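What follows is one structure encoded as structure tokens, with my remarks underneath.
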Amino acid sequence: MKSFRAICIACCLLILSVLPARASSFSITLNLDSALDSYQSIFEDAKNYWESVIKGYKVDRHYLNGITMNATGYTGEAGGVLGSAGIDAKIQSSYTYSTTGYMEFDTLDLVSMSSQRLYNVVRHEMAHVIGFGLLWDDNGIYDTNNPDQYTGAAALAAYRNEFDQPGAPHIPVEVGGGAGTAQGHWNEVNGGGDDTGLISSYTNLDMRYELMTGWLNTPSFVSRATIQSFADIGYVVVPVPGAFLLLGAGISGIFALRRRK
């Protein structure tokens, strides 16, 4: 399995005083360097996807108007780590939001990937920049003393319904896979190699195929739990008629989330 690492750097935390409020909408400003020019349409498609899911902020402040994502290409080692993503700056209001993030991709790996595979990878990494896994603790919905438990109310309610777990006290979070994978993804079994037994009522797919697990298997889908997890960290999300199904080419890899020291 090829490793895809989403590395979080959370710095430049800006704590602002109360300012005059106005309606805030969500958008992604995407900056690609020249090494990624030929993949621009794929990045734009991933950007458009998340803008179609996240519509705004629960807090109306004039300084909340989206995220800038800077994507760069580098020459690494073919077959090694595909890339990384993280948060460079965040802002604190009633919630803590990401304002600037980055993604880096190994161009030696990109040339061998299908467009659909790269699209899925970029979507996954963008979700981390927006805050999936990286802003859970900041927003009080994840306790590192109980690292296998996500407790955000909106996502938990969606999880209970979609996966027929009415009494679940939390959503299981991955604690395996080492520092690169643990505590930033939904849980899987045996490194994504076996079914979890949790079946989406909308796609009839096991949780191991969910986009925001640590190991991405095909065909993959975006669950209501994932969508609602963004509501838990302060975003206004679209009502989801069903889980988002991502019909992609064969992809099986590790999306590892770790903190750079």
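As the structure is a computational prediction, the values presented were derived from the model and not from experiment. Computed from heavy atoms alone, side chains included, the values below leave out hydrogens, waters and symmetry copies.
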Could you tell me whether a side-chain N or O of His124 sits under 3.5 Å from a main-chain N or O of Leu211, the two making a donor and an acceptor?
yes
Any idea which heavy atoms bring Ile171 and Ala225 closest together, and the distance?
CD1-CB, 4.2 Å
Could you tell me whether the side chain of Thr213 and the main chain of Asn187 form a donor-acceptor pair under 3.5 Å?
no
Do any N or O atoms from the side chain of Lys55 and from the backbone of Ser25 form a donor-acceptor pair under 3.5 angstrom?
no
What residues form a side-chain contact (heavy atoms from CB on, under 4.5 Å) with Thr75, not counting sequence neighbours?
Thr107, Leu108
List in chain and number order the residues that pass salt bridge (charged side-chain N to carboxylate O under 4.0 Å, His left out) with Asp195, two or more places apart in sequence or in another chain; answer none if no residue qualifies.
Arg208
Any donor and acceptor pair, going by atom type alone, linking the side chain of Arg160 with main-chain N or O of Ala168 inside 3.5 Å?
yes
Heavy-atom closest pair (Asn217 atom, Gly192 atom, distance to 0.1 Å) is ND2-O, 3.2 Å
Is there a donor-acceptor pair under 3.5 Å between the side chain of Ser52 and the backbone N or O of Tyr49?
yes
Partners passing side-chain contact (heavy atoms from CB on, under 4.5 Å) against Thr144 (at least two apart in sequence or in another chain)
Asp137, Tyr142, Gln183
How would you list, by chain and number, every residue that makes a side chain to side chain donor-acceptor pair (under 3.5 Å) with Asp45, sequence neighbours excluded?
none
Can you hop from Ile91 to Ile28 via hydrophobic side chains spaced under 4.5 Å?
yes
Using the side chain to side chain contact (heavy atoms under 4.5 Å, CB included) rule, take Val122 and Glu125 through it: C-alpha gap first, then chi angles, then the decisive distance, then the call.
CA-CA 5 Å; Val122 174; Glu125 306 298 2; 5.8 Å; no
So how far is it from Gln228 CD to Ile233 CD1, rounded to the nearest 0.5 Å?
12.0 Å
With the 4.5 Å side-chain cut-off for hydrophobic clustering, are Val129 and Val236 part of the same group?
no
More than 12 foreign heavy atoms under 6.0 Å from CG of Asn204: is that the case here?
no
Taking only residues two or more places apart in sequence or in another chain, which ones pass side chain to side chain donor-acceptor pair (under 3.5 Å) with Glu174?
none
Scanning both residues in full, the closest heavy-atom pair of Thr196 with Met207 reads OG1-CB, 3.3 Å
Can you name the residues that form a side chain to side chain donor-acceptor pair (under 3.5 Å) with Asn161, not counting sequence neighbours?
Tyr202
Examine the side chains of Ser223 and Glu210 and answer whether a donor and an acceptor come within less than 3.5 Å of each other.
yes
Could you please spell out the steps behind the ring-ring contact (aromatic ring centres under 6.0 Å, His included) verdict for Trp186 and Tyr159?
CA-CA 11 Å; Trp186 303 137; Tyr159 169 80; 7.6 Å; no
I would like to know whether Thr100 and Asn70 meet side chain to side chain contact (heavy atoms under 4.5 Å, CB included); could you show each step before the answer?
CA-CA 8 Å; Thr100 307; Asn70 302 305; 4.0 Å; yes
Does Thr181 reach the main-chain N or O of Gly214 with its side chain, forming a donor-acceptor pair under 3.5 Å?
no
Looking only at non-hydrogen atoms, find the nearest pair between Phe43 and Ala71 and report the distance.
CE2-CB, 4.0 Å
Tell me which one of Arg117, Arg123, Gln116 satisfies side-chain hydrogen bond (donor to acceptor under 3.5 Å, both in side chains) with Tyr119.
Arg123
Reported CD-to-NE2 distance for the pair Glu188 and His185, which is rounded to 0.5 angstrom
9.0 Å
Between Val175 and Trp136, is there a shared hydrophobic cluster once you connect ILVMFWY residues whose side-chain heavy atoms come closer than 4.5 Å?
no
Once ring-ring contact (aromatic ring centres under 6.0 Å, His included) is applied, do any residues pair with Tyr39, and if so which ones, sequence neighbours excluded?
none
Is it the case that the side chain of Thr99 and the backbone of Ala89 share a donor-acceptor pair, with hydrogens and angles ignored and the cut-off at 3.5 Å?
yes
Any luck finding a side-chain donor-acceptor pair between Thr72 and Asp33 under 3.5 Å?
no
side-chain contact (heavy atoms from CB on, under 4.5 Å) filter on Thr29, not counting sequence neighbours, yields Asn31, Thr68
What are the two closest non-hydrogen atoms of Leu64 and Val59, and how far apart are they?
CD1-O, 3.6 Å
Considering only distance and modelled atom types, tabulate donor-acceptor pairs under 3.5 Å from the side chains of residues 146-158, sequence neighbours left out.
residue, atom, partner, partner atom, Å
Asn146, ND2, Asp143, OD2, 3.4
Tyr150, OH, Asp232, OD2, 2.6
Thr151, OG1, Ile141, O, 3.1

Pair Glu51, Ser27 - check side chain to side chain contact (heavy atoms under 4.5 Å, CB included), show working.
CA-CA 6 Å; Glu51 288 179 341; Ser27 63; 3.7 Å; yes
Apply side chain to side chain contact (heavy atoms under 4.5 Å, CB included) to residues His128 and Met103 and explain how you reach the verdict.
CA-CA 10 Å; His128 285 308; Met103 295 180 290; over 6 Å; no
Main-chain N/O of Tyr95 paired with Asn139 side-chain donor or acceptor, under 3.5 Å
no
Checking Asp164 now: which residues fulfil side-chain contact (heavy atoms from CB on, under 4.5 Å) with it, not counting sequence neighbours?
Pro166
What pairs with Tyr235 under ring-ring contact (aromatic ring centres under 6.0 Å, His included), at least two apart in sequence or on another chain?
Phe26, Tyr57, Tyr97
Non-neighbouring partners of Glu44 that pass salt bridge (charged side-chain N to carboxylate O under 4.0 Å, His left out), sequence neighbours left out
none
For Thr96 against Gln92, the heavy-atom pair lying closest together
OG1-CG, 4.0 Å
